[in-house]
Engineer: 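To start, I am sharing the structure in question, which I have written as structure tokens.
Any value given below was found using the heavy atoms of this structure, including those in side chains, with hydrogens, waters and symmetry copies removed.
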Amino acid sequence: MGLWPERELATARSRSERQAEVKAEARAASHAVPLSAECPGAPRSTAMEPLSFQEYICSLDPATLPRILRICSGVYFQGSVYEISGNECCLSTGDLLKVMAVVLQKVVCEDTETGQTTELPPTFKGLFQPAPAWGPYQTLRGHFPEGGRQQGLTLHQALGRRDGRLQPLLCPAVGPHALLLRPVYEVHAAMHLRRDVVKIPSTLEVDVEDVTEEAQHIHFARPLLLSEVLGMEDVLPAQAEILEGPAGPAVFKSAWVPRLQRGQQLWLHGCSRAWRVLASAPGSGRHFLLSGTYQGRFRLRPRQFTGVQELAAGLQPGQRLRVVVTRDCEGRGDDVPPLGVGDRLEPRGLQGTGPSTRLLCHRHGEEEEEGRELLLPLDLGGGFVEETCDSKKYGLAELLERQALPCEVRVVAPDPGLERDALGALPALRLEARLNQPFLVGSFCQEPEEGFEIPPRWLDFSLLLSEGPVRPPAPCTRRSRVEELTEAFYYQLLAQLPGSAAPAAPRGPPKPAQAGTGPGGRRPSAPVPPPVSARPAPPLPPLPASPRLSTPRQHGRRGPPRDAGTESNSTEHDYETVDDNIQKTICKMQAIFPF
């Protein structure tokens, strides 16, 4: 026989050495003392040497759970393969684990003759039998020893009789040789300051010691998410410490939001059930969330429409709508006559279906009883402003009862309870939608009376509630009723509203448009609005910029009617002086608008 190549020789030597080790281990195991013999119910007393995690778990009696372990050596770092399967954690020397449950994942069977391994699932149905005492490594010749002294054991029964030892077993369903069973468990444990139950494989290479008796008084604090506290009103008010601040992009531009950082102490006073209103300031790029407790007073502004499509969307059941044309519009043959600045229209409803859909409008003449019926195509451009004489001041709740959203208003009386009401300085405010979102009332422990309201579903973070009785906090005498939103969150929120056809967020700050021109100074052509299906009601339509008055070259034959009288106040109108030549037209338009 020739010499083996060097690599084959090394492989054969390694296999032979491994087989010898396994046989020696099995022989020693047959004479070993069970780990539980000295302390029934506990794998090892605290006076004993630490055990490997695998050895401890294999010798654990599930009836004694829960058990508290201390990590004696080894570190289990994040980023390991276990993190991929959702088991990430970091176990450092001195950490405590509270073992709650042990679940068998698989059993690795090692052939004592060949060293080969086979994995068995927990549902394996084959039967095992202890190897004969006269030769634990004898080859099985197709049947069990005669005499019937031994009965077959299921996989779980065989593991239950291990007592922490490796006992050679025979199983014809696996192979002809004696086997050593090495179970792999998934250990469910609690850790201090960890929200979820940790799932650790028993094969983790750390040493542990059982400290259940001396650590029974230790409480494993479980952090909570702020959103979880919403369902725990019985524990409020409570003091809490922030463990991790909010993650992700900012929601509010408020000064209290950056202070929500690790280590900050909070008072959680209770839940706020007040509804909110999403609002924006047209042309400014600013967006707000108004609390239903806001005490400012509003006045309705005339709605403005940039085309027939928007005009049709502005119709509300049971409400009459009259508008004045603010920009000339060329006709389309005999079917669609031209519209001029100052024409008064009353939309009645839609007629037809599909591309032939038209908006039926009544165009009023000089006298109220005169007029003409018009059928305007939905893709017809133009400019229209609502004709109204309502100068009443409304509270927020009263306004929402009277007016469908969205609508444009102006704050004519700021909230007296706010030190600075940002809404009072805005020329216009567009109320977009009403939101019913639960909030938590909080304050910093250094300033308990300065309250703020946190939306946990939008601004969530982890915290730890203080244990035991706490001194009742001082009442929140001041709360913010207006929160300014970041632009990114505003568009994100707008897109999440039911049925919303929200526009995309602009890439840059809005640029003021020149009178009679579109963005960038170009003179616009007649706009082509989106189809009706893209503008459901009452969802939030795209936010148009406040239209400007057109230049004299665009003006038609007619101006605003002199008798369209409403409240006139030269100090409140929102229209800029565009050119000296159209001052007269502006004055006439002021007779129509209440601002």
Side-chain angles (χ1 to χ4, degrees), residues 22 25-26 29-30 32 34-36 40-44 51-69 76 80-89 91 97-131 136 140 144 150-191 196-208 210 212:
V22 170
E25 185 179 18
S30 63
L35 293 176
S36 58
R44 188 71 68 95
L51 302 176
S52 70
F53 194 50
Q54 171 73 7
E55 185 180 2
Y56 178 89
I57 295 300
C58 289
S59 61
L60 179 64
D61 182 0
T64 64
L65 295 177
R67 309 293 300 180
I68 300 177
L69 309 181
Y76 177 36
S80 68
V81 67
Y82 300 110
E83 183 177 359
I84 300 176
S85 57
N87 293 332
E88 92 279 358
C89 68
L91 303 181
L97 286 178
K98 187 174 185 179
V99 178
M100 313 295 294
V102 175
V103 180
L104 180 65
Q105 294 292 96
K106 62 182 179 181
V107 176
V108 178
C109 298
E110 182 174 355
D111 191 307
T112 58
E113 290 293 325
T114 66
Q116 295 181 345
T117 60
T118 304
E119 291 187 359
L120 302 180
T123 56
F124 179 71
K125 301 299 183 182
L127 297 178
F128 291 83
Q129 196 172 51
L140 185 64
F144 291 102
Q150 300 289 345
Q151 294 182 352
L153 303 174
T154 66
L155 180 62
H156 291 272
Q157 289 174 337
L159 295 177
R161 294 180 53 162
R162 284 167 41 89
D163 292 331
R165 297 176 300 170
L166 287 174
Q167 182 180 6
L169 298 171
L170 297 173
C171 181
V174 178
H177 303 137
L179 304 170
L180 295 178
L181 304 186
R182 292 185 171 87
V184 177
Y185 296 93
E186 182 181 75
V187 181
H188 298 184
M191 295 182 66
D196 303 319
V197 171
V198 181
K199 298 179 180 179
I200 311 173
S202 61
T203 53
L204 188 64
E205 294 183 0
V206 295
D207 293 337
V208 297
D210 191 311
T212 303

Engineer: Given side chains that start at C-beta, do those of T203 and Y185 come closer than 4.5 Å, heavy atoms only?
Structural biologist: no

Engineer: Please evaluate residues I68 and D210 with respect to the criterion side chain to side chain contact (heavy atoms under 4.5 Å, CB included), reporting the C-alpha separation (whole Å), side-chain torsions for both, the decisive distance (0.1 Å), and the verdict.
Structural biologist: CA-CA 6 Å; I68 300 177; D210 191 311; 5.8 Å; no

Engineer: To the nearest 0.5 angstrom, please state how far the OG atom of S59 sits from the CG atom of L51.
Structural biologist: 6.0 Å

Engineer: Decide yes or no for V187 and I57: does some side-chain heavy atom of the first lie under 4.5 Å from some side-chain heavy atom of the second?
Structural biologist: yes

Engineer: Could you tell me if the side chain of L69 sits less than 4.5 Å from the side chain of Y56, heavy atoms only?
Structural biologist: yes

Engineer: Under the side chain to side chain contact (heavy atoms under 4.5 Å, CB included) criterion, do L97 and M191 qualify, and how do the steps go?
Structural biologist: CA-CA 5 Å; L97 286 178; M191 295 182 66; 3.4 Å; yes

Engineer: I'd like to know if the side chain of T112 and the backbone of A178 have a donor-acceptor N/O pair within less than 3.5 Å.
Structural biologist: yes

Engineer: Which is it for K106 and L120 under the side chain to side chain contact (heavy atoms under 4.5 Å, CB included) test, yes or no, and what are the steps along the way?
Structural biologist: CA-CA 6 Å; K106 62 182 179 181; L120 302 180; over 6 Å; no

Engineer: Would you say that T118 contacts V108 through its side chain, given a criterion of any heavy-atom pair below 4.5 Å between the two side chains?
Structural biologist: no

Engineer: To the nearest 0.5 Å, how far apart are CG in L127 and CD in Q157?
Structural biologist: 8.5 Å

Engineer: I'd like to know if the side chain of D111 reaches the main chain of T114, judged simply by a donor and an acceptor atom lying under 3.5 Å from each other, with no hydrogens or angles considered.
Structural biologist: yes

Engineer: Mind checking the CG-NE2 spacing from L65 to H188? Nearest 0.5 Å is all I need.
Structural biologist: 11.5 Å

Engineer: When you check the side-chain N and O atoms of E110 and T117, is any donor under 3.5 Å from an acceptor?
Structural biologist: no

Engineer: Looking at every heavy atom in both F128 and L181, which two are closest together, and how far apart are they?
Structural biologist: CE2-CD2, 3.9 Å

Engineer: Is any side-chain heavy atom of L179 less than 4.5 Å from a side-chain heavy atom of P168?
Structural biologist: no

Engineer: Would you say S202's side chain and Q54's backbone share a donor-acceptor pair under 3.5 angstrom?
Structural biologist: no

Engineer: Taking the side chain as every heavy atom from C-beta outward, state whether F53 and D207 have any atom pair closer than 4.5 Å.
Structural biologist: no

Engineer: Please examine the side chains of L180 and R182, heavy atoms only from C-beta on, and report whether any two atoms are closer than 4.5 Å.
Structural biologist: yes

Engineer: Quick one: pull up NE2 in H156 and CZ in F124 and give me the separation to the nearest 0.5 Å.
Structural biologist: 11.0 Å

Engineer: For Q167 and P130, which heavy atoms make the closest approach, and how far apart are they?
Structural biologist: NE2-CB, 4.0 Å

Engineer: Does P66 reach the side chain of V99, with side-chain heavy atoms less than 4.5 Å apart?
Structural biologist: no

